[in-house]
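Below you'll find the structure, written out as structure tokens, and then a few comments.
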Amino acid sequence: MRTFQHLCLSFCCLCLLIEVRAQYVTEDFSFHRNFCTVSANASDTLAMPWAGGMNAVHFSEIDLDLDGVNDLFAFEKHGSRILTFLRRGDHYIYAPQYAKHFPELHDWVILKDYNGDGKPDIFTYGLASVRVFRNVSDNQLAFQLVTDQLQAYYYNGYVNIFASPDDYLIVEDIDQDGHLDLLNFWVLGKYVHHLRNYSDDPNVFDFRLESECWGHFEEAGDNNTITLFSDCDSKEGENGGHTRHTGSSMLLHDFDHNGLPDILLGDIDYPNLMLLYNHGTLQDARMTAMDTAFPAGNPVHLYSMPAPALINLPGQAAPSMLVSPSDPAFSKSQDLNCVWRYDYDTLLQQYTLTSTAFLQEEMIDVGSGCHPVLFDWNGDGLQDLFLANYGSFDSAEYVNGFLTSHFSSYIRYYQNTGTASHPIFQLTDEDFGQLKALNLHALHPAFGEFTCDGHTDMLCGLEDGTLLLVPHQRLIGNGGETYPGYLNIDVGKFSTPAFFDLDGDGRKDLIIGNQRGLLSYYRNIGICGLTDFEFITDTLGGVDVRNPELSYFGYSVPCLFRDSVHGTVLFCGSEQGHIFHYHGIDENPLGTYTFGGVVYECADSECQQCATPLREGRRTAAAIAHMDDDPYLDLIVGNYAGGAAYLKGRTPASHESGTPNLSRTILRAYPNPTIGPLTIDTDIPVELVVVYDLFGRVLLRSSGPNIHLGDLPDGMYILEINRQQQIKIVKVSGF
């Protein structure tokens, strides 16, 4: 079980989540989202270029602006990003300002109205269970936590409903009695449990296990084979016959119009959807027939674990089906053309494929991982945009029964065809330097003169931690070789070089990020026009962007900038999705840099005292420059879903000083492991402490920063603070 959820610091304007004294601090930098023009060619302008891309999304409907018309909510699994789109006539427009009204969510999200007030509520993954938020919108969108762990009556008592972070379960009125029920795979998979809601009060849940074998089918343990007419002998799992359930997606709908809900299944590692037809009754569902290539004509084929959703799209007489991968692994899913839209033909009574990149085709999307770099390539005085990626999906194969996907990395070049006051980016080269054929991973470019011929070359970081030199002649299309292992520099894994004169001697040095989240510094010691670098340190500035509660890694991506106003400033992307900034560099380039915190964004250019931390999914990277004629730095941020956000600089805004600094993101309990006593170190008052076991059962409640595990047996537990942050703790009898 992994830990999750950073403390939400989106205290904005009048919507404070925690009462604090109204004291404000001013940020060094502030930004608001902007939508400068991007075109795929000279005439094709993208409608929503800066929406951030899509890799693994699941859709729901909700009225975002409370105008009585349902809009579109999309949850990006690869980075836990929320994307919001307003319905305007026959199309959608990207409206990121509504995302901040949702609580922090992760793994999977389903919006369903459980209390009949016409407002969709949130069902999402919690602590090995289902977390629920009620939609309490009045004048604006708002949600209130109902429970962290939804419970149901199993056999002889109420326990937490099991949920996997990798499953998409079903929240529907299965027996058509007017109450939402649940379908979920049991803890070892194989069988689907029906949890019926017996409550007469729409605001109260009373789930009880109605059937251990809903539909009378079973899923194989090591592939996506479905067996119909099963008697669901649960003892098989207990005796070790079936212990592997890696993830499934589910959708309930009456596809054959016989009045009974059928079930559509996707499975991890597989690209297809399987439709199981229900010919039983509402009280006893029985799947008696199966279609393994649904829908007919153009069946879904998306690696891996396609997750379907039925959405009422504009201009359609019946709900359309939107399908996208939901594999939790970052390096398995098809990433380009990965949002398939099927419209239902009411005459032919079948689904027809109408798009393989719904909404995605209107965004910048380079596949998996997006690292932006700004550099004036054509020498016209305007900053051009280069977008490198981890790679894009090429193919997949099964090795020893497990899915292996193949990716290849490339760099896109967008020429700035605008003006000094208004950038316009036009896609000019989809494979800058012709690097895709080399089958590399995680290219990250830095531009400079490395071959001493008077022309600009490109030095690229790679997944293996080394550097690849791409000479100028290859960059301009004249062929030539590339040179791996540049100067034998190796920073471990995922090298991300920046070329910048750190020590002010007139020669640009190499500052290189890596998977560990640290920075390495190689000083330029070349003379007489020759380029050479000397290793100085692998802990430059004391920079460390790791968050141990999220990952062992940091994936630091440095970007440095110097001007007369700010001096030298370091911006650094990270695994956790924030952009960190550091200053105090010019005074002591080899010392410890002053940590400026995370980059903040405002809802719009006029926002005052309502800045919130910028977070763009996972594995972010930043490019920063003066992109227009105002005095503020502008920012482009890439994320692992393959897209980017454009943020225009503005007058530094303020945020609540009482709000914990997200730069710390600290929740620490020590000693850990412990024989019993624990002291909690965090940024906020400790009002509630809950200790759970790994099955999500509450074992202990307390308050204050000191807690004792008492008579709990040795083992691993989850400690939760104020229902917002969690950390793993280990209790032992002695050391």
Side-chain angles (χ1 to χ4, degrees), residues 162 164 166-176 181-196 209-302 304-310 321 323 326 342 349-351 398 401 403:
F162 170 76
S164 163
D166 302 328
D167 281 341
Y168 267 97
L169 46 72
I170 287 174
V171 184
E172 294 282 357
D173 183 4
I174 295 165
D175 49 14
Q176 300 179 20
D181 309 302
L182 295 180
L183 292 181
N184 68 323
F185 276 97
W186 74 309
V187 65
L188 296 181
K190 192 163 187 170
Y191 314 126
V192 172
H193 283 184
H194 174 199
L195 301 171
R196 184 182 175 189
L209 180 61
E210 188 76 4
S211 171
E212 295 180 306
C213 189
W214 186 89
H216 294 274
F217 69 92
E218 61 185 66
E219 179 190 57
D222 53 3
N223 56 52
N224 67 338
T225 300
I226 297 293
T227 301
L228 303 179
F229 307 104
S230 171
D231 62 359
C232 296
D233 180 8
S234 60
K235 293 182 179 180
E236 181 180 349
E238 297 171 5
N239 293 331
H242 178 83
T243 58
R244 178 178 179 262
H245 174 69
T246 52
S248 298
S249 62
M250 298 190 285
L251 174 68
L252 205 69
H253 183 68
D254 182 8
F255 287 95
D256 58 0
H257 311 291
N258 69 347
L260 299 173
D262 309 304
I263 190 168
L264 193 59
L265 294 173
D267 195 72
I268 203 164
D269 282 0
Y270 293 91
N272 61 311
L273 288 175
M274 296 176 290
L275 178 57
L276 279 57
Y277 291 101
N278 185 357
H279 294 141
T281 66
L282 285 177
Q283 289 70 37
D284 185 18
R286 290 182 178 268
M287 304 301 152
T288 61
M290 178 168 47
D291 182 355
T292 61
F294 178 83
N298 288 291
V300 171
H301 192 87
L302 278 169
S304 151
M305 191 178 160
L310 292 178
M321 185 171 67
V323 189
S326 59
Y342 290 86
Q349 294 191 345
Q350 67 181 31
Y351 287 91
Y398 293 95
L403 178 68

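Positions are given from 1 along the sequence. Side chains are part of it too, since the values below use all heavy atoms of this structure and drop only hydrogens, waters and symmetry mates. Quick caveat, the model's predicted, so the values are computed rather than measured.
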Original post:
If you round to the nearest 0.5 Å, how far is OG1 of T281 from CG of D175?
Top reply: 10.5 Å
Original post:
Rounded to the nearest 0.5 Å, how far does CE of M287 lie from CG of L265?
Top reply: 8.5 Å
Original post:
Any side-chain heavy-atom pair from E218 and Y191 closer than 4.5 angstrom?
Top reply: yes
**OP:** Return yes if some donor-acceptor pair links the side-chain N/O of D262 with the main-chain N/O of L275 below 3.5 Å, else return no.
**Re:** no
Original post:
Distance-only, no hydrogens or angles: does the Y398 side chain make a donor-acceptor pair with backbone N or O of D269 under 3.5 Å?
Top reply: yes
**OP:** Could you pull out the closest heavy-atom pair between N298 and Y342, with the gap in Å?
**Re:** O-OH, 2.6 Å
Subject >> Test log, rule side-chain contact (heavy atoms from CB on, under 4.5 Å), inputs F294 and V300 >> reply: CA-CA 6 Å; F294 178 83; V300 171; 5.8 Å; no
**OP:** With L264 as reference, evaluate S249, P295, P306, P308 under the side-chain contact (heavy atoms from CB on, under 4.5 Å) test and give the passing residue.
**Re:** P308
**OP:** Check each of D231, D284, T288 against H216 using the side chain to side chain donor-acceptor pair (under 3.5 Å) test, and report the only one that passes.
**Re:** D284
Original post:
Considering only heavy atoms from C-beta outward, does the side chain of E212 approach that of C232 to under 4.5 Å?
Top reply: no
Subject >> Close side-chain approach of L282 to L260, heavy-atom, < 4.5 Å >> reply: yes
**OP:** Please report the shortest heavy-atom distance between T292 and N272, naming the atom on each side.
**Re:** O-ND2, 3.0 Å
**OP:** Using modelled atom types only, decide if a donor and an acceptor are shared between the side chain of N258 and the backbone of N278 within a distance under 3.5 Å.
**Re:** yes
Subject >> Separation between CD of E210 and CG of L183, rounded to the nearest 0.5 Å >> reply: 11.5 Å
**OP:** Kindly give the heavy-atom pair with the smallest separation between D167 and G247, and that separation in Å.
**Re:** OD1-CA, 3.1 Å
Subject >> Close side-chain approach of L169 and M250, heavy atoms under 4.5 Å >> reply: yes
Original post:
Do the rings of H279 and Y277 sit parallel, tilted or perpendicular, given the 30° and 60° boundaries?
Top reply: parallel
Original post:
Within a strict 4.5 Å, meaning less than it, do heavy atoms of the I263 and I170 side chains meet?
Top reply: yes
Original post:
Just by modelled atom types, is the F217 backbone N or O under 3.5 Å from a matching donor or acceptor in the S230 side chain?
Top reply: no
Original post:
Do S164 and F185 come close enough that some side-chain heavy atom pair is under 4.5 Å?
Top reply: no
Subject >> Point-to-point distance, once rounded to the nearest 0.5 Å, from CD of Q349 to NE2 of H257 >> reply: 5.0 Å
**OP:** Start with the C-alpha distance between L182 and H193, add both sets of side-chain angles, then the distance that settles side-chain contact (heavy atoms from CB on, under 4.5 Å), and finish with yes or no.
**Re:** CA-CA 8 Å; L182 295 180; H193 283 184; over 6 Å; no
**OP:** Please confirm whether the backbone N or O of I174 pairs with a side-chain atom of D181, one donor and one acceptor, at under 3.5 Å?
**Re:** yes
**OP:** Check M274 against N224 and note the closest heavy-atom contact, atom names and distance.
**Re:** CE-O, 3.2 Å
**OP:** Considering non-hydrogen atoms only, spot the tightest contact between D267 and S248 and give its length.
**Re:** OD1-OG, 3.3 Å
**OP:** Measure the shortest side-chain to side-chain distance between V192 and H194 over non-hydrogen atoms and say whether it is less than 4.5 angstrom.
**Re:** no
Subject >> Approximate separation, where rounding is to 0.5 Å, of I268 CD1 and S326 OG >> reply: 7.5 Å
